**Student:** 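Structure in structure tokens, see below.
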Amino acid sequence: MTNKVLDRVRDLLPEIRERAVTAERERRVPEETIRQLTAAGVFRMLQPARFGGDEASPVDFYQVIRAVATACPSTAWVTSVLGAHPWQLALFPLRAQQDVWGADPDTLVSSSYAPTGKLTVAEGGYRVEGRWNFSSGCDHAQWALLGALAPNDQGGMDYLTILVPRGDYRIEENWEVSGLAGTGSNDIVIDGAFVPADHTYSAADQAALTGPGQEANPAALYRISFGSVFSNTITAPIIGAAQGAYDAHVARQRERVRLSYGGQKVAEDPFAHVRVARAASEIDAAVLQMERNMTEQLRYAEAGEEIPFELRLRTRRDQVRGTERALFAVDLLFENSGGHAIRKPNAIERHWRDVHAGSVHVINDVERALAMVGKGEFGLEVEDRML
């Protein structure tokens, strides 16, 4: 099936590539880029059909994200995160979805999932206050999904994702970083606001692959694993960034061959050939595993069958390995590029920094993810919100 959004986005890549330096300098994705990606339909790919969305396969969505990342990893990171939130919002009560998209189906939502907010029970919902870090693309959003802990009847705490409108929080611009500098991942601060109960989504529902919004949005898309969708939302731009570095490196080496002097073809180094081949294989493997796992999850959901826990574990395994593969590939390409690679502006240098920056996201804790897989293989109990 043709990915029509991908076809439209490919036409935008030259302009997105030209704005990559601007995104880094301004520490946010340019407004014109967001407008173009909105018009291309990227942010509606995973949105419910009842609100004008495509209800597309995550595989198609990640293809688009990887393509954007070849041009500008920061833009792809923001596009991936903002584009995945409609999928989660579809699991919220219908009232929450109507509040966000009722007036404008193109309304965007940012996030910060670490439960750093404080909730206190109030009539009809909660009072909330706190500070959340790393809300990528928050300047372009009118709502935010935020993690918070709420007291329960058993004397413990429940993890909730809460939905908060822009008027209830402020953005503190503090995004001064070495990689993914154009993502505008600033802090969100709430000094005190009310969150109605129907603007919350529980970790219990998340783990069970359920949600009150499934009744309104019965598509199979909304019965796959949150941990799989979100984790690959982070890894897809990293893989695409490695592909962009690969494309830039190969193009430069071919140009060096064309302009070779004194009969000495500077790119005819067999060790350089081996590094390029290894890098290409690692990138391909990362893509193929991601697409296989998400396709299988969707197939189970479409058949109305439970997604095997082993598949959810495998998806996380391959997701963190996909980030590792991208890291390995971009390091090979950086080493293969010589002194040219450290000049600015330079796609290889930028993508190398951006891949390394993306790799330190908490979802890319390789040892933790792989340890879970090992426990599962040995028949031990595994519990994690990101499965």
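Keep in mind that this is a model prediction, so the values were computed, not measured.
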**Student:** Verify the cluster assignment for Leu119 and Tyr113: are they in a single hydrophobic cluster under the rule of side-chain heavy atoms below 4.5 Å apart?
**Tutor:**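 Not linked; separate clusters.
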**Student:** side-chain contact (heavy atoms from CB on, under 4.5 Å) with Thr33: which of Val68, Val78, Thr79, Ile16?
**Tutor:**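 In the set Val68, Val78, Thr79, Ile16, the residue that makes a side-chain contact (heavy atoms from CB on, under 4.5 Å) with Thr33 is Ile16.
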**Student:** Applying the 4.5 Å side-chain criterion to the ILVMFWY set and letting contacts propagate, would Leu94 and Val195 be lumped into a single cluster?
**Tutor:**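 The answer is no; the residues belong to distinct hydrophobic clusters.
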**Student:** Can you confirm whether the side chains of Thr107 and Gln142 place a donor and an acceptor under 3.5 Å from each other?
**Tutor:**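 No, no side-chain donor-acceptor pair sits under 3.5 Å.
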**Student:** Look only at the side chain of Asp354 and the backbone of Gly179, and say whether a donor-acceptor pair between them is shorter than 3.5 Å.
**Tutor:**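 No, the answer is negative, given that no donor and acceptor are paired below the 3.5 Å cut-off.
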**Student:** For the CZ atom on Arg292, are there more than 12 heavy atoms of other groups (residues, nucleotides or ligands in this structure) within a distance under 6.0 Å?
**Tutor:**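 Yes, CZ of Arg292 has more than 12 neighbouring heavy atoms, counting only those of other groups under 6.0 Å.
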**Student:** Does CZ belonging to Phe134 count more than 12 external heavy atoms closer than 6.0 Å?
**Tutor:**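 Incorrect, the count does not exceed 12.
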**Student:** Keeping the roles fixed (side chain from Ser80, backbone from Ala76), state whether a donor-acceptor pair exists under 3.5 Å.
**Tutor:**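 Here the side-chain-to-backbone pair does not exist.
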**Student:** Assess, by modelled atom type and distance only, whether the side chains of Asp247 and Gln243 contain a donor and an acceptor separated by less than 3.5 Å.
**Tutor:**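 Looking only at side-chain atoms, Gln243 and Asp247 do form a donor-acceptor pair, the distance falling under 3.5 Å.
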**Student:** Distance alone, cut at 3.5 Å: any donor-acceptor contact between the side chains of Ser110 and His85?
**Tutor:**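 Side-chain D/A pair, Ser110 to His85: absent.
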**Student:** Phe328 and Phe334: same hydrophobic cluster, using ILVMFWY side-chain contacts below 4.5 Å?
**Tutor:**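 No; tracing contacts between hydrophobic side chains, which count when under 4.5 Å, never links both residues.
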**Student:** Heavy atoms, side chains only, cut-off 4.5 Å: are Leu209 and Ser225 in contact?
**Tutor:**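 Touching, per the 4.5 Å side-chain cut-off.
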**Student:** Is Leu160 reachable from Val121 through a run of hydrophobic residues whose side-chain heavy atoms are each under 4.5 Å from the next?
**Tutor:**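 Hydrophobic grouping puts Val121 with Leu160.
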**Student:** Are Arg35 and Glu32 within salt-bridge range, i.e. N to O under 4.0 Å?
**Tutor:**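 Looking at Arg35 and Glu32, the cut-off is met.
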**Student:** Are side-chain heavy atoms of Thr116 and Arg131 found at a separation under 4.5 Å?
**Tutor:**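 With C-beta onward as the side chain, the pair stays apart.
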**Student:** Do Gln319 and Asn232 have side-chain N/O donor and acceptor atoms under 3.5 Å apart?
**Tutor:**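 There is no such pair (donor and acceptor under 3.5 Å, judged by atom type) between the side chains of Gln319 and Asn232.
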**Student:** Parallel, tilted or perpendicular, judged at 30° and 60°: which one describes the rings of Tyr222 and Trp87?
**Tutor:**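 The arrangement is tilted - the two ring planes meet at 30° to 60°.
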**Student:** Could you see if Ile162 belongs to whatever hydrophobic cluster contains Tyr169? Use Ile, Leu, Val, Met, Phe, Trp, Tyr and a side-chain cutoff under 4.5 Å.
**Tutor:**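 Per the 4.5 Å side-chain linkage, Ile162 and Tyr169 are co-clustered.
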**Student:** Relative to Tyr159, does Arg385 satisfy both conditions: NZ or CZ under 6.0 angstrom from the six-membered ring centre, and within 45 degrees of the ring's axis?
**Tutor:**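 Pair Arg385/Tyr159 counts as cation-pi.
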**Student:** Name the orientation class of the two ring planes belonging to Trp143 and His199 (parallel below 30°, tilted from 30 to 60°, perpendicular beyond 60°).
**Tutor:**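 Because their plane-to-plane angle is over 60°, the rings of Trp143 and His199 count as perpendicular.
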**Student:** Heavy atoms, side chains only, cut-off 4.5 Å: are Thr210 and Gln214 in contact?
**Tutor:**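 In contact.
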**Student:** Is there a donor-acceptor pair under 3.5 Å between the side chain of Asn364 and the backbone N or O of Val360?
**Tutor:**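 Here the side-chain-to-backbone pair does not exist.
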**Student:** Is the closest side-chain heavy-atom distance between Met386 and Arg316 below 4.5 Å?
**Tutor:**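 Yes; the side chains approach each other to less than 4.5 Å.
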**Student:** Considering only heavy atoms from C-beta outward, does the side chain of Ser112 approach that of Ile188 to under 4.5 Å?
**Tutor:**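 The answer is no, as the side chains (C-beta and beyond) never meet within the 4.5 Å cut-off.
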**Student:** Roughly how far, to the nearest 0.5 Å, is the CD atom of Glu172 from the CG atom of Asp187?
**Tutor:**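 Those atoms lie 6.0 Å apart.
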**Student:** Going through the checks in order, is the side-chain contact (heavy atoms from CB on, under 4.5 Å) test met by Asp168 and Ile190?
**Tutor:** CA-CA 7 Å; Asp168 286 351; Ile190 299 178; 5.5 Å; no
**Student:** I'd like to know if the side chain of Asn336 reaches the main chain of Ala272, judged simply by a donor and an acceptor atom lying under 3.5 Å from each other, with no hydrogens or angles considered.
**Tutor:**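 Indeed, once roles are kept as given, a pair shorter than 3.5 Å links the two residues.
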**Student:** Please determine, by modelled atom types, if Glu15 and Gln36 share a side-chain donor-acceptor pair under 3.5 angstrom.
**Tutor:**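 Yes.
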**Student:** Heavy atoms, side chains only, cut-off 4.5 Å: are Ile34 and Phe43 in contact?
**Tutor:**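 Yes; the side chains approach each other to less than 4.5 Å.
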**Student:** Quick check: does any side chain N or O of Glu24 sit under 3.5 Å from a backbone N or O of Gly182, one acting as donor and the other as acceptor?
**Tutor:**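 Pair absent, no side-chain N/O of Glu24 close to backbone of Gly182.
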**Student:** Is it true that Glu349 and Arg353 make a salt bridge, defined as a side-chain N closer than 4.0 Å to a carboxylate O?
**Tutor:**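 Yes, Glu349 and Arg353 are salt-bridged.
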**Student:** Determine yes or no for a side-chain-to-main-chain donor-acceptor pair under 3.5 angstrom, with Ser136 supplying the side chain and Ser185 the backbone.
**Tutor:**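 Flag not set: sc Ser136 to bb Ser185 has no pair under 3.5 Å.
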**Student:** Under 30°, 30 to 60°, or over 60°: which ring-plane class applies to His356 and Trp352, parallel, tilted or perpendicular?
**Tutor:**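 Rings of His356 and Trp352: tilted, 30 to 60°.
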**Student:** Answer yes or no: is there a donor N or O on one side and an acceptor on the other, between the side chain of Thr183 and the main chain of Leu180, under 3.5 Å?
**Tutor:**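 Side chain of Thr183 to backbone of Leu180, a donor-acceptor pair under 3.5 Å: yes, one is there.
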**Student:** Do side-chain atoms of Asp54 reach the backbone of Ala56 as a donor and acceptor pair under 3.5 angstrom?
**Tutor:**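 Judged by distance alone, no pair lies under 3.5 Å.
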**Student:** Mind checking whether Trp101 and Leu89 have side chains closer than 4.5 Å, heavy atoms only?
**Tutor:**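 In short, these two side chains touch, coming nearer than 4.5 Å.
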**Student:** Check whether more than 12 heavy atoms from other residues, nucleotides or ligands sit under 6.0 Å from atom CD of Glu377, and answer yes or no.
**Tutor:**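 Check fails, neighbour count at 12 or below.
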**Student:** Is any side-chain heavy atom of Leu298 less than 4.5 Å from a side-chain heavy atom of Val59?
**Tutor:**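 Sidechains of Val59 and Leu298: no contact.
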**Student:** Would the distance check show the side chain of Arg28 and the main-chain N or O of Gly184 forming a donor-acceptor pair, the cut-off being under 3.5 Å?
**Tutor:**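 No, Arg28 side chain to Gly184 backbone: no donor-acceptor pair under 3.5 Å.
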**Student:** Look at the side chain of Asn152 and the backbone N and O of Gly155, then say whether any donor-acceptor pair between them is shorter than 3.5 Å.
**Tutor:**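 Judged by distance alone, yes, a pair lies under 3.5 Å.
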